[in-house]
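Following: one structure in structure tokens, then a few remarks.
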Amino acid sequence: MSSLQPVRGTHDLLPDESMRHRWVEETAFAAARRYGYGEIVTPIFEFTDVFSRTLGDTSDVVTKEMYTFTDRSGESITLRPEGTAGVARAFISNGLAQSLPLKLFYRGPMFRHERPQKGRLRQFHQVGVELLGVESPVADVEVIALAWRVLSELGLGGKVRLEINTLGDSESRLAYRNTLTAYLSEFRSALSEDSRNRLDRNPLRVLDSKDEGDRRIVENAPPMGESLTPAAREFFEQVTSGLARLGIPFITNPRLVRGLDYYCHTAFEFTTTALGAQGTVLAGGRYDELIAQMGGPRTPGIGWAAGVERLSMLVEAVPSALRPISIIPMGDDLAAVAVAERLRRAGMVVDMGFSGNMKKRMARANKANARFAVILGEEEGARNAVTIRDLDTGLQDEVPLAMLEEHFGRLV
RNA sequence: GCGGGUGUAGCUCAGUUGGUUAGAGCGCCAGGUUGUGGUCCUGGAUGUCGUCGGUUCGAUUCCGAUCACUCGCCCCA
């Protein structure tokens, strides 16, 4: 039995659901194109280094969630757990420093060996964008504006909340890390076990602990703002005033920290309360040092990724598919398929069953939500005509066979 | 990775205080209508009661393990 089940945390997308996914993806891509983005397709696996070097040794993604295996050449290969590292690698591999600034959109499956829950799968799908080569906070504003545009067009404007924070430049970050560590160390024994670990590995994460006791301690922690260099503060100020100017609603959350090590300056998250513990629906930030860290020319970047499954669970109305025309043969199926083919060549959506009497075929047409049925009866056939039934009104007409395309052309 | 819940027909779920033919609604199939769907009526099929093992004369029911889903934590899209 186990071999007939999909692997834990994976699942099949049947046509109805895959339609929703496709719509989410296409909506995101269409918006991204309006902002000048082109699609990049990178491999879904990379040498393990690509991820382990960039995501940080302390992140869970690297320490316990990667699908890593050795291939037949003895290389360590990893199924991509996120999109940015692969894009950064492709940027370097292809010498794209030539063509900055660069706006890239991507989509596709990601893999993380986590414990599955609703909205959390081992194979899931993301859409994302990366804007490379722009130092200015205008890039942050535009990238967040694109995220907001995508969510709005999916009808989720009222369901999500944008939280934003700055992690500062490396100088600010280091300074803050020190003051925060000093502060938290005083309360070390009062912290939860998880947070004591965080304190050692990545103290910033203590800030968004859900533990009550931790929260009380964190409330009085020195805020990040005080450790920011003037330049970092000015940068963040530009980002927030840019968003305000575009009328994009947001709240600043000084405790927002991103999990992956490569982020700096702007960090943001769109969250919902509708998905339980998996409330983050789209998230991103700036990563000015990532490409340099990988061995490429220092190139600033900012981007985000969104979970297609999570978005698709929130989306209500997916535009309905085109309603087909159903062909109903009365005896000569080959003649019927020829008629179907004519209409399809003319660009129409045409459905035709492979068996059954007329009643059954009409029922099928109805189930397919067909707009019209083309009935190929003997009587009309003798006059080189067909009957066209409007399935909404129940009215039907006889139309000469030769006029079919023209007839439907007028209706559409 | 840690802790809790659940697992009966394609779907949503009843049920069996352990007993021989396991149910409903929806869906599906057929008929009422030899050339007409959506409504209605009639009839029908469907389950290794998640899997493996244990206890028992007997297990879908009790016990154990396992797998999957699910809720929370960790973390994240």
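In what follows, chains carry the letters A, B, and so on, assigned in the order in which the sequence lines appear, proteins first and then strands, with residues in each chain numbered from 1.
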With heavy atoms under 4.0 Å as the rule, sort [X] into base, sugar-phosphate or nothing.
{"X": "Asp208(A)", "answer": "nothing"}
{"X": "Leu391(A)", "answer": "base"}
{"X": "Leu121(A)", "answer": "base"}
{"X": "Ala305(A)", "answer": "sugar-phosphate"}
{"X": "Gly9(A)", "answer": "sugar-phosphate"}
{"X": "Leu311(A)", "answer": "nothing"}
{"X": "Glu193(A)", "answer": "nothing"}
{"X": "Arg364(A)", "answer": "nothing"}
{"X": "Arg361(A)", "answer": "nothing"}
{"X": "Glu378(A)", "answer": "base"}

Counting only side-chain N and O atoms of [X], is one of them less than 4.0 Å from OP1 or OP2 of [N]?
{"X": "Lys360(A)", "N": "G37(B)", "answer": "no"}
{"X": "Arg8(A)", "N": "C69(B)", "answer": "yes"}
{"X": "Arg310(A)", "N": "C76(B)", "answer": "no"}
{"X": "Lys210(A)", "N": "C74(B)", "answer": "yes"}
{"X": "Lys359(A)", "N": "G31(B)", "answer": "no"}
{"X": "Gln5(A)", "N": "G50(B)", "answer": "no"}

Which whole-number value in Å describes the distance from [X] [atom1] to [N] [atom2]?
{"X": "Arg198(A)", "N": "C73(B)", "atom1": "CZ", "atom2": "P", "answer": "11 Å"}
{"X": "Arg255(A)", "N": "C75(B)", "atom1": "CZ", "atom2": "P", "answer": "14 Å"}
{"X": "Lys367(A)", "N": "U36(B)", "atom1": "NZ", "atom2": "P", "answer": "18 Å"}
{"X": "Ile327(A)", "N": "G37(B)", "atom1": "CD1", "atom2": "P", "answer": "18 Å"}
{"X": "Asn357(A)", "N": "U33(B)", "atom1": "CG", "atom2": "C1'", "answer": "10 Å"}
{"X": "Glu379(A)", "N": "U36(B)", "atom1": "CD", "atom2": "P", "answer": "12 Å"}
{"X": "Glu114(A)", "N": "C2(B)", "atom1": "CD", "atom2": "P", "answer": "15 Å"}
{"X": "Glu212(A)", "N": "C73(B)", "atom1": "CD", "atom2": "P", "answer": "12 Å"}

[atom1] atoms of [N] and [M], separation to the nearest Å:
{"N": "G3(B)", "M": "U60(B)", "atom1": "P", "value": "30 Å"}
{"N": "A59(B)", "M": "C52(B)", "atom1": "C1'", "value": "14 Å"}
{"N": "C62(B)", "M": "U6(B)", "atom1": "P", "value": "11 Å"}
{"N": "G25(B)", "M": "U61(B)", "atom1": "C1'", "value": "24 Å"}
{"N": "C67(B)", "M": "U21(B)", "atom1": "C1'", "value": "31 Å"}
{"N": "G47(B)", "M": "G54(B)", "atom1": "P", "value": "26 Å"}
{"N": "U66(B)", "M": "U46(B)", "atom1": "P", "value": "35 Å"}
{"N": "C69(B)", "M": "U8(B)", "atom1": "C1'", "value": "15 Å"}

Test of ring centre spacing under 6.0 Å for [X] and [Y]:
{"X": "Tyr262(A)", "Y": "Tyr287(A)", "value": "yes"}
{"X": "Tyr67(A)", "Y": "Phe45(A)", "value": "no"}
{"X": "Phe47(A)", "Y": "Phe51(A)", "value": "no"}

Fill in: Steps toward side chain to side chain contact (heavy atoms under 4.5 Å, CB included) verdict (Leu146(A), Val143(A))
CA-CA 5 Å; Leu146(A) 169 55; Val143(A) 159; 5.7 Å; no
Fill in: Among G37(B), C75(B), G72(B), the one nearest Glu65(A) by side-chain distance
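Taking heavy atoms from C-beta onward, the closest nucleotide is C75(B).
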Worksheet item: Among C74(B), U36(B), C71(B), which nucleotide sits nearest the side chain of Asp194(A)?
Response: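 Nearest to the side chain of Asp194(A) among the choices is C74(B).
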In the strands shown, is [N] matched to any nucleotide by a Watson-Crick or G-U wobble pair with both distances under 3.5 Å, and which?
{"N": "C49(B)", "result": "none"}
{"N": "A59(B)", "result": "none"}
{"N": "A22(B)", "result": "none"}
{"N": "U36(B)", "result": "none"}
{"N": "C28(B)", "result": "G44(B)"}
{"N": "C2(B)", "result": "G72(B)"}
{"N": "U16(B)", "result": "none"}

Please determine whether any donor N or O and acceptor N or O are separated by less than 3.5 Å between the side chain of [X] and the base of [N].
{"X": "Arg389(A)", "N": "G35(B)", "answer": "no"}
{"X": "Asn366(A)", "N": "G37(B)", "answer": "yes"}
{"X": "Glu380(A)", "N": "G35(B)", "answer": "yes"}
{"X": "Arg115(A)", "N": "C74(B)", "answer": "no"}
{"X": "Arg120(A)", "N": "A77(B)", "answer": "no"}

Item to complete: Tell me which of Ser209(A) and Gly119(A) sits closer to the 5' end of RNA chain B, going by the nucleotide each one is nearest to.
Response: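 Residue closer to the 5' terminus by nearest nucleotide: Ser209(A).
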Fill in: Glu309(A) vs Gly276(A), nearer the 5' end of RNA chain B by closest nucleotide
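The answer here is Gly276(A).
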Worksheet item: What orientation do Phe268(A) and Phe270(A) show, parallel under 30°, tilted 30 to 60°, or perpendicular over 60°?
Response: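 Phe268(A) and Phe270(A): perpendicular rings.
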Would you mind checking if [Y] and [X] are paired as a salt bridge, meaning a charged N to carboxylate O distance below 4.0 Å?
{"X": "Arg361(A)", "Y": "Asp333(A)", "answer": "yes"}
{"X": "Glu130(A)", "Y": "Lys103(A)", "answer": "no"}
{"X": "Arg389(A)", "Y": "Asp397(A)", "answer": "no"}

Discussion item. For Arg34(A), I'd like to know if atom CZ has over 12 heavy atoms of other residues, nucleotides or ligands within 6.0 Å.
Written reply: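 Buried by this count: over 12 neighbours within 6.0 Å.
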Worksheet item: Around atom CD of Glu75(A), are there more than 12 heavy atoms of other residues, nucleotides or ligands at under 6.0 Å?
Response: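 Counting other residues, nucleotides and ligands, CD of Glu75(A) exceeds 12 neighbours.
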